[in-house]
Amino acid sequence: MPGLLLGDVFPDFEAETTIGKIKFHNFLGDSWGILFSHPRDFTPVCTTELACAAKVSDEFKKRGVKMIALSIDSVQDHLAWSKDVMAHGDQSGPLPFPIIADDKRVLSVQLGMLDPDERDKDGMPLTARCVFVIGPDKKLKLSILYPATTGRNFNEMLRAIDSLQLTAQKKVATPVDWKVGEKVMVIPSLSDAEAAALFPNGVETKELPSGKRYLRFTQP
C-alpha cells in the first residue's frame, strides 16, 4: 500500500464507528486485528462479504483476532445496512464487529484504499476492498488489495492468519495451500544441525536434481 509497508506500525487513528468513537490501538489491545474496507453500504458484493464475515467471526475470535470494517458511509447508514447484511446471511442479532464511518475519506486516503476506477454518482472514488492484518505489536503483517468488483475469500484470510501466527512463533514457513496440521518448511537461514535441534519431530529433506538441500519439511 502506498506509504504503508509490511512491518510498519499501523496508524493509531481515531474514528467514529457503529460502537462509538474508537482509538485504533486501544481497540486492538493486545490482540491481533483485521481491518477490511468495502466500497459502499447497500451494495451487492459488499453485502455478501460482510454476511460471510459475520458467519465466520467466531473463527477470528478463536484466533484472538479483532475484526473491524470500514467504508465511506455514515454510522447511521452502517447501522441500517447491517440489518440487511445479517438478513442475507440468515443470521439474527447485531453485526458481530464494528464498521468505521470514513465519510470524509480521511482514512481511505491515508491508508491508500481508494479505487480510481470505481466512483460514486458524484464522481468521487470509492474505497477498494483492502485487507490489513495487524499483529499484537501494532505492526502491519499482511495487506491485500482487491478492486471493488472482486469479492474476497474470508477462508483464505483465516488460512493466512494461521500462517502468520505460526511463523511469528516458530522458525518455519508455510508452503502453497498449507492448512493447520500439515507439514511446514524449515526456513533457509537455519542449518541442518539447528533444524534438528529445534524440531524434535524430525526434518525431512527432499532430494532434488540440483543437489541443493533447501526443501526441508517438518511438523511444527
Would you name the heavy atoms of P220 and E182 that are closest together and state the gap between them? CD-O, 4.1 Å
With a sphere of 6.0 Å drawn around CD of E207, does it hold more than 12 non-hydrogen atoms of other residues, nucleotides or ligands? no
Classify the ring geometry of F24 against F10: parallel below 30°, tilted from 30° to 60°, perpendicular beyond 60°. tilted
Chi angles and distances behind the side-chain contact (heavy atoms from CB on, under 4.5 Å) call for L95, T18: CA-CA 9 Å; L95 198 66; T18 50; over 6 Å; no
Do the side chains of L164 and F60 join up, straight or via other hydrophobic residues, at under 4.5 Å, putting them in one cluster? yes
I'd like to know if V45 and L70 are part of one continuous hydrophobic network [Ile/Leu/Val/Met/Phe/Trp/Tyr, side-chain heavy atoms within less than 4.5 Å]. no
Decide side-chain contact (heavy atoms from CB on, under 4.5 Å) for Y214 and T205; before the verdict, give the C-alpha distance in whole Å, the side-chain angles of both, and the deciding distance to 0.1 Å. CA-CA 7 Å; Y214 60 88; T205 303; over 6 Å; no
Passes side-chain contact (heavy atoms from CB on, under 4.5 Å), V75 versus T17? Steps please. CA-CA 6 Å; V75 168; T17 79; 5.8 Å; no
Transitive ILVMFWY side-chain link L79 to I19, under 4.5 Å: no
Could you tell me whether the side chains of T218 and N201 share a donor-acceptor contact shorter than 3.5 Å? no
R216 and E204 ion-paired at < 4.0 Å: no
Pairing residues for E59 by the side-chain hydrogen bond (donor to acceptor under 3.5 Å, both in side chains) criterion, not counting sequence neighbours: K62, R63
Can the positive tip of K66 be found less than 6.0 Å from the middle of the six-membered ring of F27, inside 45° of the ring normal? yes
Residue pairs meeting salt bridge (charged side-chain N to carboxylate O under 4.0 Å, His left out), one or both in residues 67-81, sequence neighbours left out, come to R40-D73
L140 and L5: side-chain contact (heavy atoms from CB on, under 4.5 Å), yes or no, with the steps? CA-CA 7 Å; L140 181 64; L5 303 175; over 6 Å; no
List, by chain and number, the other hydrophobic cluster members for L166, where Ile, Leu, Val, Met, Phe, Trp and Tyr join if side-chain heavy atoms come within less than 4.5 Å, directly or indirectly. V172, W178, V180, V184, V186, I187, L190, L198, F199, V203
Does one hydrophobic cluster hold both F42 and M86, with members joined at side-chain heavy-atom distances below 4.5 Å? yes
Any chain of hydrophobic side-chain contacts (each under 4.5 Å) joining V56 to F36? yes
S71-D41 side chain donor-acceptor pair, cut-off 3.5 Å: yes
With rounding to the nearest 0.5 angstrom, report the CG to CG distance, L158 to D162. 7.0 Å
Do T43 and W81 have a side chain donor and acceptor closer than 3.5 Å? no
Donor-acceptor pair, side chain of S37 and main chain of C130, under 3.5 angstrom: yes
For the CG atom on N26, are there more than 12 heavy atoms of other groups (residues, nucleotides or ligands in this structure) within a distance under 6.0 Å? yes
To the nearest 0.5 Å, what is the distance between OG (S143) and CG (L111)? 10.5 Å
Do NZ/NE/NH1/NH2 and the carboxylate oxygens of E49 and R129 come within less than 4.0 Å? yes
